[in-house]
Amino acid sequence: MEHGRENEEARLIARFRAGDMQAVETLFWRYADSVLAYATRLLGNRTDAEEVLSDVFLRAFEGCMGYRAEGTFKAWLFRIARNCCIDRLRQPRLLRLEDGVEPVQGDDTADIELRVAVQRALKRLPEEYQTVLLLCDVEEFTAKEVAEMLGRSVPSVKGMLYRARTALRDALSEEWGEEA
Amino acid sequence: MKCAEVRELLGNYMDQELTESMMQRIEKHLLRCPACAYEARSIEQAREMLRRGVESPMVSEPLGERILNHIAERFPHLRATRSTEQPFSLPLLSLEDEAPSV
C-alpha cells in the first residue's frame, strides 16, 4: 500500500492516543465492513463474526496504545481478526448449527448458486488455505503483507497460495458438479 | 520449458510477478501445452468465482454504534466528541451511479 495511506493512518492513531474519538470512528468505519466480511467467511456465520468484530477493534486499539508493528493498520487489523476467528473456532459450542453454511440472500438464482458453491467449497479447505485465498485474492493484500501477518516467508505464502487456488478449483468442481 | 517448471512458476505467472522474458516463455509453453493451459485457465476461473461469490456483509449502523460505544468505554481518555453520523456514510446510490473512488 502507498506510504500516503500509512502516514495518514499513523496520524489517526496518534490522534486516538491523544484522545480524539473522531479518529477512532474514522478508522473503524474505514475497515469495519471488510473485517466483518473476512470474519464471516472464516467463521461461516455472521452472528459469530459480529461478536468477533468488537474484539478485533478493541484489541487493535489496545495495541495502538503501546507498540504497534510496522505495516498498515489494515494488515494489523486483519492479523488480529484472523487470531480472533481462530480463538472463536476453538471454543467449544453447546450447539452448532449446520457447520459453516450461512443462508444466502439475493435475487439472482445464478448468483445465489455461485455464492453457496463458493461458501461450501471454501469451508472444505484447510483454514490456512482459506486465509491466504481471502487475504490475497479477495482483500488483495500482497504476498509480503500476508507473510508478515502469518509469520511466514514470502516464498512459503506464494507456494501455499498456489496450492490453495488449486484446492479451491477442485472443491468448486465438486460443488458445482462439473468442471469449475 | 518443461511442464513441471511451468507449474512451479504458474502462480507467479498469474500474478505477473516474473520478468518479461520469463512471462513470454511461459506464454509460449501454454500455447503449445493443453494440459498446462487448462491448469492455468481453470485456476484463474476458480479465482474469479471466489471474488464474485464471497459474501460481503456490511456493518449496520446500530452494530457500529454499539462497538464504538464499547471502545469509548474501554478507553476513558477518549474525549466525548462523537458525532452521531458515520463519517463515511454515503447516500443510497442507484446501480447506475458510479461508485466514488476511495
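Just so you know, these numbers come straight off a predicted model, no measurement behind them. FYI, side chains are in, hydrogens and waters are out, and symmetry mates aren't considered; it's all heavy atoms of this structure. The chains referred to below are lettered A, B, ... by the order of the sequence lines, with proteins before strands, and numbering in each begins at 1.
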Same hydrophobic cluster for [X] and [Y], using side-chain heavy-atom links shorter than 4.5 Å among ILVMFWY?
X	Y	value
A/Met65	A/Ile80	yes
A/Tyr162	A/Phe141	no
A/Leu58	A/Ile86	no
A/Tyr38	A/Leu89	yes
B/Leu10	B/Met22	yes

So, taking the atom named [atom1] in [X] and the one named [atom2] in [Y], what distance separates them when rounded to the nearest 0.5 Å?
X	Y	atom1	atom2	result
B/Arg51	A/Leu133	CZ	CG	10.5 Å
B/Leu9	A/Lys158	CG	NZ	10.5 Å
B/Glu39	A/Thr166	CD	OG1	5.5 Å
B/His70	A/Phe57	NE2	CZ	14.0 Å
A/Arg169	B/Ile43	CZ	CD1	5.0 Å

Of the backbone (N, CA, C, O) and the side chain (C-beta and beyond), which part of B/Glu17 lies under 4.5 Å from a heavy atom of chain A, both, or neither?
side chain
Contact part of B/Arg52 toward chain A, heavy-atom cut-off under 4.5 Å: side chain, backbone, both or neither?
both
[X] to [Y] - nearest heavy-atom pair and separation:
X	Y	answer
A/Thr40	B/Pro57	OG1-CG, 3.6 Å
A/Ala37	B/Ser56	CB-CA, 4.2 Å
A/Arg46	B/Ser60	NH2-N, 4.5 Å
A/Ala18	B/His77	C-CD2, 4.2 Å

Has B/Arg25 got more than 12 heavy atoms of other residues, nucleotides or ligands less than 6.0 Å from its CZ?
no
More than 12 non-hydrogen atoms from neighbouring residues, nucleotides or ligands closer than 6.0 Å to CD on B/Glu8, yes or no?
no
Determine the option with the most heavy-atom pairs under 4.5 angstrom with chain B, choosing from A/Val24, A/Leu36, A/Leu134, A/Val35.
A/Leu36
For chain A, the option from B/Leu63, B/Ile67, B/Ile71, B/Asp15 that forms the most heavy-atom pairs under 4.5 Å:
B/Ile67
Among the listed options B/Arg47, B/Arg66, B/Arg41, the residue most often paired with chain A at heavy-atom distances under 4.5 Å
B/Arg47
Can you find a side-chain donor-acceptor pair between B/Ser42 and A/Arg165 that sits under 3.5 Å?
no
[X] versus chain B, the contacting section by heavy-atom distance below 4.5 Å:
X	answer
A/Phe61	both
A/Phe16	both
A/Leu161	side chain
A/Leu122	side chain

Would you mind reporting whether B/Val59 and A/Trp29 have side-chain heavy atoms less than 4.5 Å apart?
yes
With heavy-atom distances below 4.5 Å as the criterion, would you say the side chains of A/Leu172 and B/Leu50 are in contact?
no
